[in-house]
Amino acid sequence: MSSQPNILCIGAVLWDIIGRCDDPMVLGNDKPGQITRLPGGVALNIAMTLRRFGLAPALLSVVGDDGDGVELKAACMGLGLDVSPMLVDPNLPTDRYMAIEAQGALIAAIAHAHSLEKAGSRILAPLADGTLGSVATPWAGPVAVDGNLTEALLSEIAESPLFAAADLRIAPASPGKARRLRPLLAHPNATLYVNREEAGLLTDTHPANAAAAARALLNAGAHRVLVTEGAQMAVDARPDRTISATPPPVEARRITGAGDTFMAAHIAAEVSGDDAETALARAVNAAADYVSGDNG
């Protein structure tokens, strides 16, 4: 890309291998369906959606110098994403994610993000060497960070002067990785995007709904949180106000990537100048469209 990015996406860039079935499934089932292989990963999913909304994202992640990595990097470039800051490591394989979905619900998934974890802070080098910023002139725009990073690296981000001026937007990646975000929970520049289950894991509580989950996060020190609860409700909460929105009813045909779509649509709305109520409404509608299969 010839233009400078206006938002950074830091985290998982990998191949999504997803099997989908229209029938109900239980453990041990072997049923017909469709298997797709698409560019994915939380950071990449967010970046792709941001691009569709007119932003210019750059990816800070890692791919291997293998066939999968070459193909994935080319696919990202074809989508209009800036991959120039992305690390290519000849000693690491390109990461992958595999999931099974049935009737729009996730049955099981495995994320192989070991290369991202092994690359560690090396993926942040462009923020320090002058490419995208430095300690003297840190990046001052929005940054989407996902919980596929290790807790050690997330702790480093929380304390690093390289992020002192950034508008941090944080996603946990999955419930299994939600607790990794604790170093960023009380960061003054951080907005957390989580679902009700992830909020409970972060706060060691069992919130009854999205509004209760948001209160638990604020009580734990968060400055701003957006909590989703599937088709029930989405909440945007700060210590001084809480707003909510109900997603439109749709038939769920897919689920993997819905949270990333919600987060990206919300960021794009706020970057474009929308107020909090409008941004939340745009986010829930975009996520509903995604779940129904209406947006590709």
Side-chain angles (χ1 to χ4, degrees), residues 1-5 7-21 33-101 106 108-127 131-132 143-150 153 171 173-174 177 253-261 263-264 290 293 295-296:
M1 294 177 66
S2 57
S3 60
Q4 282 290 104
I7 183 168
L8 308 181
C9 298
I10 305 176
V13 173
L14 43 72
W15 285 109
D16 273 347
I17 303 163
I18 303 176
R20 293 189 172 99
C21 178
Q34 294 182 327
I35 298 175
T36 60
R37 176 179 177 266
L38 297 168
V42 175
L44 179 49
N45 288 338
I46 292 169
M48 289 189 291
T49 305
L50 290 168
R51 186 62 181 159
R52 288 201 299 270
F53 281 106
L55 274 70
L59 292 164
L60 277 75
S61 186
V62 61
V63 294
D65 191 17
D66 50 14
D68 281 348
V70 171
E71 188 179 356
L72 182 55
K73 193 172 180 181
C76 292
M77 293 174 65
L79 292 166
L81 306 178
D82 185 354
V83 297
S84 60
M86 196 157 61
L87 175 67
V88 178
D89 191 319
N91 298 313
L92 295 173
T94 299
D95 286 330
R96 290 171 290 172
Y97 172 88
M98 182 171 63
I100 301 290
E101 297 181 4
L106 180 65
I110 296 175
H112 184 287
H114 301 309
S115 293
L116 179 65
E117 294 180 354
K118 290 179 180 177
S121 61
R122 290 187 295 148
I123 68 170
L124 304 181
L127 289 165
T131 303
L132 295 170
V143 180
V145 179
D146 84 52
N148 283 300
L149 305 179
T150 64
L153 185 53
S174 69
K177 297 176 180 177
R253 299 190 59 83
R254 58 183 175 180
I255 191 66
T256 301
D260 306 334
T261 298
M263 176 175 172
Y290 178 89
N295 67 341

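Just the heavy atoms: all of them, side chains too, but no hydrogens, waters or symmetry mates, feed the values below. Positions are given from 1 along the sequence.
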Rounded to the nearest 0.5 Å, what separation is found between the CD atom of Q4 and the CG atom of D82?
8.0 Å
Between the CG atom in N45 and the CG atom in D16, the distance rounded to the nearest 0.5 Å is 6.0 Å
Counting distance only, does the side-chain N/O of T261 pair as donor-acceptor with the main-chain N or O of Y290 below 3.5 Å?
no
Looking at side-chain heavy atoms only, is the closest gap between S61 and L87 below 4.5 Å?
no
Sorted by chain and number, sequence neighbours left out, salt bridge (charged side-chain N to carboxylate O under 4.0 Å, His left out) with D66 holds for none
Could you go through V88 and V70, starting from their C-alpha distance and side-chain angles, then the distance that decides it, and tell me whether this counts as side-chain contact (heavy atoms from CB on, under 4.5 Å)?
CA-CA 9 Å; V88 178; V70 171; over 6 Å; no
If you round to the nearest 0.5 Å, how far is CG of L44 from CG of D260?
9.5 Å
Any side-chain heavy-atom pair from M98 and I18 closer than 4.5 angstrom?
no
Without swapping roles, check the side chain of D95 against the backbone of L116 for a donor-acceptor pair under 3.5 Å.
yes
Shortest non-hydrogen contact from M48 to P39?
CE-O, 3.5 Å
Residues P126 and P85: closest non-hydrogen pair is CG-O, 3.5 Å
Given the rule in the side-chain contact (heavy atoms from CB on, under 4.5 Å) test, do D146 and I10 qualify, once you have shown the distances and angles that lead to the verdict?
CA-CA 6 Å; D146 84 52; I10 305 176; over 6 Å; no
Kindly compute the distance separating CD1 (I110) from CD1 (I100), expressed to the nearest 0.5 Å.
9.5 Å
N148 CG to H114 NE2 distance, which is reported to the nearest 0.5 Å:
11.0 Å
Stepwise, does the side-chain contact (heavy atoms from CB on, under 4.5 Å) test hold for R51 with L79?
CA-CA 8 Å; R51 186 62 181 159; L79 292 166; 5.9 Å; no
Where do L60 and M86 land on the side-chain contact (heavy atoms from CB on, under 4.5 Å) test, with the steps shown first?
CA-CA 5 Å; L60 277 75; M86 196 157 61; over 6 Å; no
Check whether T131 reaches the backbone of L127 with its side chain - one donor and one acceptor, N or O, closer than 3.5 Å.
no
Determine whether L81 and L50 make a side-chain contact, defined as any pair of heavy atoms from C-beta on separated by less than 4.5 Å.
no
Any donor-acceptor N/O pair, S115 side chain to T94 backbone, under 3.5 Å:
no
Value rounded to 0.5 Å, distance of CZ in R20 from CD in Q34:
8.5 Å
Check whether W15 forms a cation-pi arrangement with R37 (NZ or CZ under 6.0 Å from the six-membered ring centre, at most 45° off the ring normal).
yes
If you measure from the Lys or Arg side-chain nitrogens to the Asp or Glu carboxylate oxygens, is any gap between D89 and R122 under 4.0 Å?
yes
